[in-house]
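What follows is a short report on a single structure.
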Amino acid sequence: MFDLVYDVIVVGAGHAGCEAAAAAANLGSKTLLVTMNLETIGQMSCNPAMGGIAKGQIVREIDALGGYSGIVSDVSAIQFKMLNQSKGPAMWSPRTQNDRMLFARSWRMMLEQTKNLDFYQEMVTGLLVENDIVKGVRTSLGIEIFGKSVVLTNGTFLNGLIHIGEKQFGGGRAGEKAATGITEQLIELGFESGRMKTGTPPRVDGRSLDYSKMIPQPGDLDPKKFSYSQQTESLQKQRACHMTHTSELVHDILREGFDRSPMFNGSIQSTGPRYCPSIEDKINRFADKNRHQMFVEPEGWDTVEVYVNGFSTSLPEDIQFKALRSVVGFEAVKFFRPGYAIEYDYFPPTQLKGTLETKRIENLYFAGQINGTTGYEEAGAQGLMAGINANRKIKGELSFVLGRNEAYIGVLIDDLITKGTEEPYRMFTSRAEYRTLLRQDNADLRLTPKGFEIGLASQNRMETMQKKKEQSNAFIQFFKETSVKPDHINPILEEVGSAPISQSNKMHKIFSRPKLRMHHMQRLDKVAAYIKQEDLNREILEQTEIQVKYAGYIAKEKLNADKLQRLEGVKIPDHFDYDLLKSLSYEAREKLKEIRPNTVSQASRISGVSPSDISVLLVYMGR
């Protein structure tokens, strides 16, 4: 098996590793996935859910390109919700609650059915490097496995240290040992490293909870799904989640353990996720709040194990237990396992190119939490892009990089390699300046042609996307060309509180009014007849409604994105000597030499590079 030189070796089988291995293998690379435990492929280490605000857009983008996260999420979903529907469509974000065991099993089955992909269970303790080019990996048994490229997706395992109160022990996840050796070698090779921290809440026995005291959180009445493919279907039944709250009593009990908390006694000095703080961090930072939400999430269809979302903690287990027993509905709670915090090594991502290849070692790629990100979705997106680019590099093909105006994945990677991160990076809609263009409903229209062009998205996906595009464009044209009489539309306008019309108007103009929705327009005979005749599904109806109602906003944002694209077109040579530009500020020169941006546009987003510095660059580059 190891006489073979692999095209791509992927180290780690979490969300990043699974997507990297699938992408590389599906593109024709002979791929090896090495993991410390084959039983935990695709493991949901933290909450049993996929998507959410901005993260749901990423899952749909992965799917549109031909990745697997959307399909695996759909087949293992126990609940579906479209978040933020009270806001504009740029903010709508799909989220699934998932069956943890089914999710991991589905990932393994998908990977086992993928051609060109081999598996091997062992710890990778080092890299084989010659003349600053990676040549393969070395395992804990001393086996050398050769590969033309290596993708590291080590998650929280690099020198992982678990904290529960004053107790600490090595581990990459509860019940699993940490990975050693790689960090030390990378530092010897000249990489800069750091430490980050994340945490997880207790898992409890659902049979010990009183759900009658909690607020039910059901899924959508008409649930959708993540994948644009025809491989999955929307849920026909769903499991409910529940919500409860902490209280002043709970907070007082938690404070009893602060002197034994690794968060406050100096045991943990690394940075945790700002937007997903532990419960002790919440009550310390937001002392004016007398309660916090807790979401009670089932771990699957059949298991009684429950995830207590909002109660992430590293406090001593006795304090965790005593505090939870004071939460409404948790008075008789029994633990399956306590919450804990974990510290792990990461490598500041400014050491990477836009392809996620390291600048220092050729053909070596980093993806996932090793880059300082948090979240399954962010990891999966990086894994996908690393797998694609590792495959393309060894074949001598052009790199595959998405722009900030093309995808949330583009925003994510550009943020990481340009700005770096000193705390676990999480995606938000606010990070994307062109979020009106980067909606969850049009990820297929944006990215499936790109996925098809590189050979990852199938012909069937491309045809499905083309049909959607043609049908929605034709429906928009129907609204532009078809008139409606006052007596047909006025009763509907009156019902929604919109001014009546006195003469026939084109439907497009009427439909553009803010209070009118597609379900109102469907009550018009001409519209209903057209939908039936063309057999339009709800995806087409949604796409058409957004395009009609937000046409002005979309056009304006596209204009702004096109301006950015002009700067993206101004390339900076790989080994450009910034010392030649005496007019650059000292800070800009140092930052530009460190980051080495590919374009003037990327240079403009580097902290410390001012508009006047960009003007100097533009003049020198011939603009």
Side-chain angles (χ1 to χ4, degrees), residues 57 60 80-94 220-225 228 230 234 434-446 448 463-562:
Q57 283 86 328
R60 288 208 131 192
F80 183 95
K81 267 190 176 181
M82 186 67 75
L83 306 180
N84 278 344
Q85 288 197 82
S86 61
K87 300 178 181 177
M91 307 293 282
W92 298 352
S93 302
D220 289 348
L221 289 174
D222 188 15
K224 296 178 183 175
K225 62 192 186 86
Y228 294 99
Q230 294 156 1
S234 299
Y434 304 115
R435 56 186 171 273
T436 305
L437 301 179
L438 309 182
R439 306 182 309 277
Q440 57 83 30
D441 61 271
N442 70 352
D444 56 340
L445 303 179
R446 290 184 279 119
T448 295
E463 289 170 0
T464 302
M465 184 281 301
Q466 288 281 21
K467 184 180 178 184
K468 173 182 172 179
K469 186 176 182 179
E470 289 164 8
Q471 285 187 314
S472 57
N473 286 343
F475 199 17
I476 291 166
Q477 199 58 36
F478 164 82
F479 280 110
K480 288 180 176 178
E481 294 172 353
T482 310
S483 297
V484 61
K485 294 178 180 178
D487 57 331
H488 289 167
I489 194 67
N490 279 346
I492 297 173
L493 294 175
E494 185 181 344
E495 184 182 309
V496 299
S498 190
I501 59 172
S502 56
Q503 58 186 35
S504 292
N505 261 303
K506 295 296 184 190
M507 285 189 181
H508 190 276
K509 184 178 179 182
I510 301 294
F511 195 12
S512 299
R513 294 189 182 190
K515 294 180 181 177
L516 278 181
R517 299 295 306 273
M518 180 62 82
H519 63 86
H520 295 123
M521 301 303 289
Q522 284 178 257
R523 286 159 56 182
L524 298 171
D525 291 342
K526 288 180 182 178
V527 177
Y530 183 91
I531 292 170
K532 185 176 181 182
Q533 175 190 318
E534 300 297 323
D535 191 26
L536 303 183
N537 61 31
R538 66 177 176 180
E539 218 174 301
I540 306 298
L541 303 187
E542 180 183 86
Q543 186 62 215
T544 303
E545 179 173 4
I546 291 168
Q547 293 287 350
V548 169
K549 299 184 76 63
Y550 294 89
Y553 297 101
I554 292 168
K556 184 178 179 182
E557 198 147 284
K558 194 170 187 314
L559 194 65
N560 290 335
D562 289 343

Please test Glu539 against Lys468 for salt bridge (Lys or Arg N to Asp or Glu O under 4.0 Å), starting from the C-alpha separation and ending with a verdict.
CA-CA 8 Å; Glu539 218 174 301; Lys468 173 182 172 179; 3.1 Å; yes
Closest non-hydrogen atom pair, [X] against [Y]:
X	Y	answer
Gly88	Tyr550	CA-OH, 4.1 Å
Ala561	Leu437	CB-CD1, 4.0 Å
Pro94	Phe80	CB-CZ, 3.6 Å
Pro491	Pro486	CD-O, 4.2 Å
Ala90	Thr436	CB-CA, 3.9 Å

Beyond-backbone contact of [X] with [Y], side-chain heavy atoms, under 4.5 angstrom:
X	Y	value
Met91	Arg435	yes
Gln466	Glu463	no
Tyr228	Thr464	no
Asn537	Ile540	yes
Val548	Phe475	no
Met521	Leu524	yes
Arg446	Leu438	yes

Side-chain donor or acceptor of [X] paired with backbone N/O of [Y] under 3.5 Å:
X	Y	answer
Trp92	Lys87	yes
Gln57	Gln440	no
Thr448	Leu445	no
Asp220	Asp222	no
Arg60	Ser93	no
Asn505	Val484	no

dist Asn442:CG -> Ser472:OG (nearest 0.5 Å) comes out at 10.0 Å
Got a sec, which residues hit side chain to side chain donor-acceptor pair (under 3.5 Å) with Gln471, two or more places apart in sequence or on another chain?
none
Option among Leu536, Asn473, Ile476 that satisfies the side chain to side chain contact (heavy atoms under 4.5 Å, CB included) test with Thr544
Ile476
Verify side chain to side chain donor-acceptor pair (under 3.5 Å) between Gln547 and Gln543, making sure each step is shown before the conclusion.
CA-CA 6 Å; Gln547 293 287 350; Gln543 186 62 215; 3.0 Å; yes
Could you check whether Arg439 pairs with Asp441 (Lys NZ or Arg NE/NH1/NH2 to Asp/Glu carboxylate O, under 4.0 Å)?
yes
Per the side chain to side chain donor-acceptor pair (under 3.5 Å) rule, what does the pair list look like for residues 521-534, sequence neighbours excluded?
Glu495-Arg523
Pair Ser234-Arg538, side chain to side chain contact (heavy atoms under 4.5 Å, CB included): steps then yes or no
CA-CA 12 Å; Ser234 299; Arg538 66 177 176 180; 3.4 Å; yes
Heavy-atom count check: over 12 atoms from other residues, nucleotides or ligands less than 6.0 Å from Glu494 CD?
no
Show me, pair by pair, the donor-acceptor contacts under 3.5 angstrom made by side chains of residues 510-519, not counting sequence neighbours?
from, atom 1, to, atom 2, distance (Å)
Ser512, OG, His508, O, 2.7
Arg513, NH1, Ser498, OG, 2.9
Arg513, NH1, Ala499, O, 2.4
Arg513, NH2, Ala499, O, 3.4
Lys515, NZ, Gly497, O, 3.3
Arg517, NE, Glu545, OE2, 2.5

